[in-house]
Amino acid sequence: MFEEANPFESLQEQIDDAGAALDLDADILERLKHPERVLETNLTVEWDDGSLERFKAFRSQFNGDRGPYKGGIRYHPNVSRDEVKALSGWMVYKCAMVGIPYGGGKGGIVIDPKEYSEGELERITRAFATELRPFVGEDKDIPAPDVNTGQREMNWIKNTYETLENTTAPGVVTGKAIESGGSEGRVEATGRSTMLTAREAFEYLGRSISGATVAVQGYGNAGWIAANLLECNGATIVSVSDSSGAIYNESGLDTQAVRHHKDDTGSVIGFNDADEELADEELLTLDVDLLIPAALENAIDEELAHEVQADAIVEAANGPLTPRADDVLTERDVAVFPDILANAGGVTVSYFEWVQNRQRFYWDEDRVNEELETVIVTAFEDLVSAYESYDVPNFRTAAYVVALERVVQAFEEGGTFP
Ligand code: GLU
């Protein structure tokens, strides 16, 4: 048995690797490995029967050198202080990788949202938003959706903030519904950047997405859109999964039909056009051209990494590989295209949403998608150029080299205060 990796330690290791490639001073590196501050709070919500329930929640503001803290809020029973710290750090380097003017933050509530009604979730969300109010703002810290949160929660956060502040400030949070100030294309953005990264990656490797076989772990917002857009680009999606298990069809799954099945039944399992059902580990070790982990951290550990048969991995989830898995896959020549580029479409279109909110001028979906494509393709070129010019073992370290350099430059330009 291998020990479960601590995501915060994984983040620090990734920063160290890039710091070594850049020959950065230890004191600067040290500063970039820790959050500036972490809010830990206990939300107390009163139910209709008068009983009280307590929920632990966090918001980590990791680094603000390049702009306001930015990043999602997740609702999950496994949320922890270290997980939130790691996720907030990954946001710093993600925003820097794609060159958008934000720092990084992340929040979470320790909760299984499936156990609560919509009304209960609204009270919990508003309690968190009230607690967050002094720390967030259009120019301070801008939350967004993450695992198990979406437009609904963002609309509640915006409304709570605006009510308490007696103002309108739609850019205090992104990922809102359209009529609440959301952007066209935001819901699809994470899956879209995953597809764009896969397309650029395959071209770089001298291959084509058209005709490639793909397995996708996780059929939430990011996973299903990535699968659907890759199918539209001619790929064959042979297997997809969710927390209940995986389905497989050698000649390709109809991603839209699988989505309808999941909407109707709550799971991909039982889809009538599947040849067989697989365990999650079986999906992750299928002999496919492209594997897309689109679920949670640590999906592939050292042990599983030895079994992976895919030629390339594009990370739609945050932190799906442990550092030891990364080492194994590097050694085995599996090309891994990292989360901080591949799933950066979400925060990139959040940035577009925030720009539109502040200008009170809204773009159509074509413009959003075109601007997103420019950002991701440019970032991919930056990644490849770092990969080719620095002594780095893989694309992840190359990505951190690009990102770290940008954060360090902003820090050095600003200097320290006091
Ligand atoms: N939660 C998403 C991420 O991990 C989006 C963050 C955002 O839009 O600020 O990148």
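Scope of the values below: all heavy atoms of this structure, side chains included, with no hydrogens, waters or symmetry mates. For ligands, and for the atoms within them, numbers begin at 1 and follow the listed sequence. We're numbering straight along the sequence, starting at 1.
When hydrogens are left out, the protein atom nearest atom 9 (O) of ligand 1 is Lys70 NZ, 2.8 Å; that is the closest non-hydrogen contact. Of all protein heavy atoms, the one closest to atom 5 (C) of ligand 1 is Arg186 NH2, 3.6 Å. In this structure, the protein non-hydrogen atom closest to atom 8 (O) of ligand 1 is Ser350 OG, 2.6 Å. Nearest non-hydrogen protein atom to atom 7 (C) of ligand 1 is Ala144 CB, 3.2 Å.
Atoms of ligand 1 found under 4.0 Å from any heavy atom of Gly346, numbered from 1 in the order shown, are 8 (O). Taking every non-hydrogen atom of Met91 and a distance limit under 4.0 Å, the qualifying atoms of ligand 1 come out as 3 (C), 4 (O), 6 (C), 10 (O). Listed by number with element, the atoms of ligand 1 under 4.0 Å from a non-hydrogen atom of Lys106 are 1 (N), 3 (C), 4 (O). Within ligand 1, counting atoms from 1 as listed, the ones closer than 4.0 Å to a heavy atom of Gly71 are 9 (O). Residue Lys94 approaches ligand 1 through these ligand atoms, each under 4.0 Å from one of its heavy atoms: 3 (C), 4 (O), 10 (O).
No side-chain donor-acceptor contact under 3.5 Å links Arg59 to the backbone of Gly108.
Enclosure of atom CD in Glu179 is not indicated, since only 12 or fewer non-hydrogen atoms of other residues, nucleotides or ligands lie within 6.0 angstrom.
Ring to ring, Tyr219 and Phe271 are not that close: their centroids are 6.0 angstrom or more apart.
Exactly one of Val216, Ile300, Leu286, Val334 qualifies for a side-chain contact (heavy atoms from CB on, under 4.5 Å) with Leu291. That residue is Ile300. A salt bridge (Lys or Arg N to Asp or Glu O under 4.0 Å) with Glu373 is found for exactly one of Arg192, Arg199, Arg367, namely Arg199. For the side-chain contact (heavy atoms from CB on, under 4.5 Å) criterion with Thr397, the lone passing option out of Leu22, Leu404, Asp16, Asp17 is Asp17.
Between atom 1 (N) of ligand 1 and the options Asp146, Ile100, Asn221, the minimum heavy-atom separation is to Asp146.
Contacts of Asn318 with ligand 1, taken as heavy-atom pairs under 4.0 Å, involve the side chain alone. Contacts between Pro145 and ligand 1 below 4.0 angstrom, taking non-hydrogen atoms only, involve the backbone exclusively.
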(request) Tell me, with the steps shown, if Arg74 and Thr149 meet side chain to side chain donor-acceptor pair (under 3.5 Å). (result) CA-CA 6 Å; Arg74 70 170 53 179; Thr149 59; over 6 Å; no
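Between atom OG of residue Ser80 and atom CD of residue Glu40 there is a gap of 10.0 Å, rounded to the nearest 0.5 Å.
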